A.B. asks: 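Dropping the structure in here first, questions after.
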Amino acid sequence: MSSAELIVTRFAPSPTGYLHIGGARTALFNWAYAKGKQGKMLLRIEDTDLERSNPAAVDAILDGLAWLGLNWDGEAVSQHARQQRHAAVAHELLNSGKAYYCYCSPEELTAMREKAQVEKRPVRYDGTWRDRDPNLAPTGVKPVIRFKSPQEGETVINDHAQGRVIIPNKDLDDLIVLRSDGNPTYNLSVVVDDHDMGITDIIRGVDHLTNAARQTQVYLAMGWRVPNMTHVPLIHGPDGAKLSKRHGALGVEAYRAMGYLPAALRNYLARLGWSHGDEEIFSTQQLVEWFSLDGINNSPARFDFAKLENLNGHYIRHTSDDDLLNEFIRFLPFVAGGTELVGRIDAVMRSKLLKAMPGLKERAKTLVELKAAVAYLFSHRPLTLDEKAKALLDDEGKAALASVHAVLAGSNDWTAQALETAVKAHAEGTGIKLGKFAQPLRAALTGTATSPGIFDVLEVLGRDEALGRVADQMSQL
RNA sequence: GCGCCCUUCGUCUAUCGGUUAGGACGACAGCCUUUCACGUUGUAAAGACGGGUUCGACUCCCGUAGGGCGCACCA
């Protein structure tokens, strides 16, 4: 593909402590787009604001991306490390007359803003120093460098999701590109980095749409090519308001702890703000093949846990027992009591879990539910029964247990199939419904009123353990 | 306040001027059944409002309403 240009996208999160779920979707889109075009996705950490950036926050993002299975090309770029270059570009702008020194103090700017607010005028820098003679500069004041933004005309953003967005230049004031302490500001750094990194396509949230206009002006001033832009709509909470802490889970690590599978989350996120006809459930491979910028909508989507849960259940059911067990073990450390459980999974337990998995995974919508469903395998005799299980083991239940115990003990083939045949025959022989035996049995074997098929439970538990658990409940009078 | 953007079932969405407006989740009802699930069958459920343009608008234009984003020496 020599004629076609290599697509280079980037994901550029600011390290705030976790990988935001909206950021995760942005990353997914960038990733899928780059992959589908045989291009590259780069990663840049926007750590310009050192006060809010720390290694732990960066790690949280890398960890989140890794968990989601989104890899990037090359080394992650630290924006902070490139400050010299950003400052150099600011001075380049200054020297070519595309920027100027501004000596306004923060207090003056605040006053300017407040005055504008009172007078109900747009709050913008009034351009005091734009054309003023630099010789008038007050002594002892460290100036900032402001970009000389065009005052006439309009700036056009040809956005792949939003369409042709036109912003009047009069509404864009002269932004600061270099602070008085010599550090560059975001809008400058982003442009310089995206240019230097050879980014061809910027895919990010619409919250950056106005920044896109300012950045476009900087590109133009530098004579650089403006990358293709795609601003994707934001994700809202179930109530329609912007997703915030109030809605609960913001970081992907929270979704991991809630027991969602990375593949399910990818699928769900992909369908939020993007679509490919009526396709609902598709593999990541298919996403990569299908993903296109014009499949992106331009209206915000509400996050729907019910749908995520449904999808997750589907993925759990369709994951092989072996893979699912591995996912489960990988998940356990992130949930209370999970690490201890991992310690108890030896070869024997592993094979029990694997054997029980077909029955278990039909019923779990999350790995948290799977953990609960698997608990009976880890229980020690005598079991502690929950309320519903206790209710099942009334006098009638215990009597049923005693009679079924004899049947089970008499079976010389401890397989689910053989045991089912035997117990069903017993039920028919006594004229009692199967349920009258199955439910007390379930209570005795699992300590709960719900579980996978009872004959499977019997087989997985093994003859001695199963008979022991039944006997425990028979004898307690 | 100024600028920009958005608006199809409760939710995610399909439709790219002509459809009985389709699918999925959720809800409800039935079937299956040893529990819970799964599976399966079916039902209810939508073009914000008002004007245009057009033979014909969910689709194009304008306005209104509602919602979102942005307006820092934050990113």
Side-chain angles (χ1 to χ4, degrees), chain A residues 12-16 46-49 51-53 79 102 104-106 109-110 113 116-125 142 144-146 157 159 161-163 165-168 170-173 175-181 183 185-187 189-190 205-211 213 231 233-234 236 238 240-242 268 271-281 297-311 313 317 359-365 369 373 388 392 420 423-424 427 433-443 446 448-455:
Chain A
S14 54
T16 50
E46 314 249 289
D47 52 359
T48 301
D49 183 6
E51 283 181 25
R52 287 207 320 223
S53 309
Q79 188 160 64
C102 166
C104 288
S105 67
L109 294 175
T110 310
R113 228 170 278 133
Q117 231 145 35
V118 171
E119 295 174 5
K120 306 218 166 183
R121 283 184 294 109
V123 284
R124 284 186 248 111
Y125 175 67
K142 283 195 170 174
V144 300
I145 295 181
R146 297 192 98 108
I157 305 161
D159 193 281
Q162 306 295 324
V165 179
I166 299 167
I167 314 263
K170 65 177 173 60
D171 294 316
L172 268 15
D173 60 1
L175 72 154
I176 293 172
V177 288
L178 203 71
R179 299 188 180 95
S180 53
D181 63 3
N183 289 324
T185 58
Y186 172 76
N187 277 308
S189 299
V190 167
V206 269
D207 46 336
H208 282 102
L209 196 55
T210 1
N211 285 330
H231 288 88
L234 302 180
H236 287 182
K242 182 185 173 183
Y268 178 73
R271 282 292 284 111
L272 223 46
W274 176 85
S275 61
H276 182 77
D278 281 336
E279 300 293 343
E280 293 286 346
I281 296 176
N297 317 117
N298 50 3
S299 56
R302 300 185 188 199
F303 199 95
D304 183 6
F305 274 96
K307 189 155 184 175
L308 206 210
E309 196 153 287
N310 171 275
L311 252 186
R317 268 174 264 129
L360 255 16
K361 71 184 184 185
E362 273 314 300
R363 295 165 170 77
K365 289 199 192 66
E369 288 182 12
K388 285 180 182 169
L392 286 169
E420 179 168 358
V423 174
K424 275 189 172 164
K433 288 175 102 174
L434 183 58
K436 291 290 183 185
F437 294 108
Q439 278 304 84
L441 207 43
R442 191 177 327 270
T446 70
T448 68
T450 63
S451 82
I454 199 62
F455 302 106

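Below, read A as the first sequence line, B as the second, and so on, with proteins coming before strands; counting in each chain starts at 1. Just so it is clear, the model here is predicted, and its values are computed rather than measured.
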A.B. asks: So if I take every side-chain heavy atom of Phe455(A) and compare against rC4(B), rU35(B), rU34(B), which nucleotide ends up nearest?
C.D. replies: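 Closest nucleotide to the Phe455(A) side chain: rU34(B).
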A.B. asks: Write down the distance separating the C1' atoms in rA45(B) and rA21(B), rounded off to the nearest Å.
C.D. replies: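 Going atom to atom, C1' in each nucleotide, I get 13 Å.
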A.B. asks: Expressed in whole Å, how much space separates the C1' atoms belonging to rU8(B) and rG47(B)?
C.D. replies: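 Here rU8(B) and rG47(B) have their C1' atoms 4 Å from each other.
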A.B. asks: Quick one: salt bridge (charged side-chain N to carboxylate O under 4.0 Å, His left out) partners of Arg363(A), sequence neighbours excluded?
C.D. replies: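 Arg363(A) satisfies salt bridge (charged side-chain N to carboxylate O under 4.0 Å, His left out) with no other residue.
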A.B. asks: In whole angstroms, how far is the C1' atom of rA72(B) from the CG atom of Asn211(A)?
C.D. replies: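 My rounded result for the distance is 11 Å.
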A.B. asks: Rounding to an integer number of Å, can you tell me how far Gln162(A) CD sits from rG70(B) P?
C.D. replies: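 Taking CD of Gln162(A) and P of rG70(B), I get 13 Å after rounding.
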A.B. asks: Which nucleotide wins on minimum distance to the side chain of Asp207(A), given the candidates rC73(B), rC69(B), rC38(B)?
C.D. replies: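 Of the candidates, rC69(B) comes closest.
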A.B. asks: To the nearest Å, give me how far apart NE2 (His231(A)) and C1' (rC6(B)) are.
C.D. replies: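 For the pair His231(A) NE2 and rC6(B) C1', the rounded distance is 16 Å.
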A.B. asks: Expressed in angstrom and rounded to an integer, what is the separation of Asn298(A) atom CG from rG67(B) atom C1'?
C.D. replies: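 In whole Å, rG67(B) C1' lies 14 Å from Asn298(A) CG.
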A.B. asks: To the side chain of Leu209(A), which of rA37(B), rC4(B), rA75(B) is closest?
C.D. replies: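 Out of rA37(B), rC4(B), rA75(B), the nucleotide with an atom closest to Leu209(A)'s side chain is rC4(B).
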A.B. asks: Under a 3.5 Å cut-off for both contacts, is rU59(B) paired Watson-Crick or G-U wobble with anything, and if yes, with which nucleotide?
C.D. replies: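 Partner of rU59(B): none.
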A.B. asks: Between rC49(B) and rA65(B), how far apart are the two P atoms, rounded to whole Å?
C.D. replies: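 That atom pair is separated by 16 Å.
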A.B. asks: Nearest to the side chain of Arg113(A) - rA72(B), rC25(B), rG3(B)?
C.D. replies: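 The nucleotide sitting nearest to the side chain is rA72(B).
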A.B. asks: With rounding to whole Å, what would you report as the distance between rC58(B) and rG50(B) at their P atoms?
C.D. replies: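 Straight-line distance between the two P atoms is 12 Å.
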A.B. asks: Taking atom types as modelled, find out whether Thr448(A) and Thr446(A) have a side-chain donor-acceptor pair closer than 3.5 angstrom.
C.D. replies: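 Yes.
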A.B. asks: Using the C1' atom as the reference point in each nucleotide, state the distance between rG22(B) and rA14(B) in Å, no decimals.
C.D. replies: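 The same atom, C1', in both gives a distance of 6 Å.
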A.B. asks: Nearest whole angstrom, please: distance from the C1' of rC5(B) to the CG of Asp171(A).
C.D. replies: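 About 15 Å, once rounded to whole Å.
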A.B. asks: For the P atoms, the ones on rG30(B) and on rU35(B), what distance do you get once it is rounded to whole angstrom?
C.D. replies: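 Here rG30(B) and rU35(B) have their P atoms 16 Å from each other.
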A.B. asks: Which listed nucleotide (rC5(B), rG3(B), rC38(B)) is nearest to the side chain of Lys365(A)?
C.D. replies: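 It is rC38(B).
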A.B. asks: Checking Ser180(A) now: which residues fulfil side chain to side chain contact (heavy atoms under 4.5 Å, CB included) with it, not counting sequence neighbours?
C.D. replies: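 Residues passing side chain to side chain contact (heavy atoms under 4.5 Å, CB included) with Ser180(A): Lys142(A), Val144(A).
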A.B. asks: Given the C1' atoms of rU64(B) and rC6(B), what is the spacing between them in whole Å?
C.D. replies: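 Result for the C1' pair: 15 Å, nearest Å.
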A.B. asks: Report, one pair per line, the protein and nucleotides 11-16 of chain B atoms (nitrogen or oxygen only) whose separation is under 3.5 Å.
C.D. replies:
residue: rC12(B); atom: OP1; partner: Arg302(A); partner atom: N; Å: 3.0
residue: rC12(B); atom: O2'; partner: Arg271(A); partner atom: O; Å: 2.9
residue: rC12(B); atom: O2; partner: Lys307(A); partner atom: NZ; Å: 3.2
residue: rU13(B); atom: OP1; partner: Gly273(A); partner atom: N; Å: 2.6
residue: rU13(B); atom: OP1; partner: Asn297(A); partner atom: OD1; Å: 3.2
residue: rU13(B); atom: O3'; partner: Ser275(A); partner atom: OG; Å: 3.2
residue: rA14(B); atom: OP1; partner: Ser275(A); partner atom: OG; Å: 3.0
residue: rA14(B); atom: OP1; partner: Asn297(A); partner atom: ND2; Å: 3.3

A.B. asks: List the residues meeting salt bridge (charged side-chain N to carboxylate O under 4.0 Å, His left out) with Lys361(A), not counting sequence neighbours, and say none if there are none.
C.D. replies: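 Checked Lys361(A) against salt bridge (charged side-chain N to carboxylate O under 4.0 Å, His left out); matches are Asp321(A).
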A.B. asks: For Asn310(A) and rG26(B), is the shortest distance between a side-chain N/O and OP1 or OP2 below 4.0 Å?
C.D. replies: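 Answer yes for this pair, as a side-chain N or O of Asn310(A) is under 4.0 Å from OP1 or OP2.
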A.B. asks: When the P atoms of rU59(B) and rU7(B) are considered, how many whole Å apart are they?
C.D. replies: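 One P to the other, the span is 11 Å.
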A.B. asks: Please list, for nucleotides 39-41 of chain B, all pairs of protein and nucleotide N/O atoms separated by less than 3.5 Å.
C.D. replies:
residue: rG39(B); atom: OP1; partner: Arg317(A); partner atom: NH1; Å: 3.4

A.B. asks: Are Tyr268(A) and Phe305(A), when compared by the centres of their aromatic rings, separated by less than 6.0 Å?
C.D. replies: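 Not under 6.0 Å, so no.
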A.B. asks: Does Glu420(A) have any salt bridge (charged side-chain N to carboxylate O under 4.0 Å, His left out) partners at least two apart in sequence or in another chain, and if so, which?
C.D. replies: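 Counting only residues at least two positions away or on another chain, Glu420(A) forms a salt bridge (charged side-chain N to carboxylate O under 4.0 Å, His left out) with Lys424(A).
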